[in-house]
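Residue indices begin at 1 and follow the sequence shown. One-based numbering, in listed order, for ligands and for the atoms of each.
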Amino acid sequence: MRLDKFFSDMGLLSRRDCARAAARGEITVNGAPVTRADAKINEEKDEVFYRGERVAFSRFVYVMLHKPQGYISATEDGNAPVVTELLPDTLQKRALFPCGRLDKDTTGFLLLTDDGTLAHLLLSPKRHVSKCYAFSLDAPLPAGAEERFAAGVRLGEELCKSALLSPTDDRKGGTIVITEGKYHQIKRMMQSEGCTVTALKRTAFAGIPLDEGLAPGEWRYFTDEEIATLEKAPKK
Ligand code: URA
């Protein structure tokens with residue numbers, strides 16, 4: 001693979017920026033500076049460093065985005081801004097897509113990836129991947145909501161799987177863990193208790209907490225440990 005393609009695929013440098021970085025001597029391959037962006041490397045075996053930091057090759061990209069309000073969980077939409085617009089150009093070229101959907105007004109953890117196989121597994125209702133949300137309500141949750149959510153809430157024709165509800169002392173907020181992703185699921189579950197959700201934030205996905213160092217709209221790559229956790233999550 002060409003050096004500039006490697007950097008562009010890793011979402012780190014455009015081809016032009018790679019050519020500049022190489023000319024400045026900022027890139028080494030197996031310890032030796034490589035000054036030409038069209039140099040051929042073995043992406044699986046060669047040790048590539050950029051500005052002294054190792055750039056490991058991965059066939060797929062996994063990004064943790066702190067989704068802000070006002071964005072649609074999609075790659076394109078005729079009217080509203082979409083979450084992929086929050087990524088730099090180099091990553092937009094990799095055609096990442098959101099793994100699952102958060103409502104336009106929901107904030108928090110969103111995984112963006114180009115690994116269709118893993119995304120499919122993580123989204124499968126059979127896999128029970130956990131999603132934790134923090135919520136605020138317009139009114140206190142009635143007594144017994146915890147037990148009703150644990151038993152499985154009925155939403156019209158649909159029966160929800162058991163959910164773990166932990167209200168705050170005033171019962172106008174709290175956290176909830178669900179293992180599926182029905183349309184507007186938490187808003188509808190709260191509505192079944194006579195409460196309207198006024199704020200909803202996904203705080204963890206597949207047991208991985210949202211990096212609170214990320215402000216709304218910011219993103220970072222998953223760590224190797226987090227990718228390993230994702231790969232394990234569907235197998236339970
Ligand atoms: N449940 C909802 O109601 N909305 C979301 O965005 C996620 C879960």
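- In this structure, the side chains of Phe222 and Leu111 come closer than 4.5 Å at one or more pairs of heavy atoms.
- Among pairs with a residue in residues 150-161, those fulfilling side chain to side chain donor-acceptor pair (under 3.5 Å) read Glu158-Arg188, at least two apart in sequence or across chains.
- Atom CZ of Arg36 is surrounded by 12 or fewer heavy atoms from other residues, nucleotides or ligands within 6.0 Å.
- With salt bridges taken as basic N to acidic carboxylate O contacts below 4.0 Å, one links Asp103 and Lys187.
- Between Lys201 and Glu212, at least one side-chain nitrogen of the basic residue sits less than 4.0 Å from a carboxylate oxygen of the acidic one, meeting the salt-bridge criterion.
- A 4.5 Å side-chain heavy-atom check between Leu214 and Trp219 finds every atom pair outside the cut-off.
- Within 4.0 Å of ligand 1, protein heavy atoms belong to Leu102, Asp103, Thr106, Tyr133, His184, Gln185, Ile186, Lys187, Leu200, listed by chain and number.
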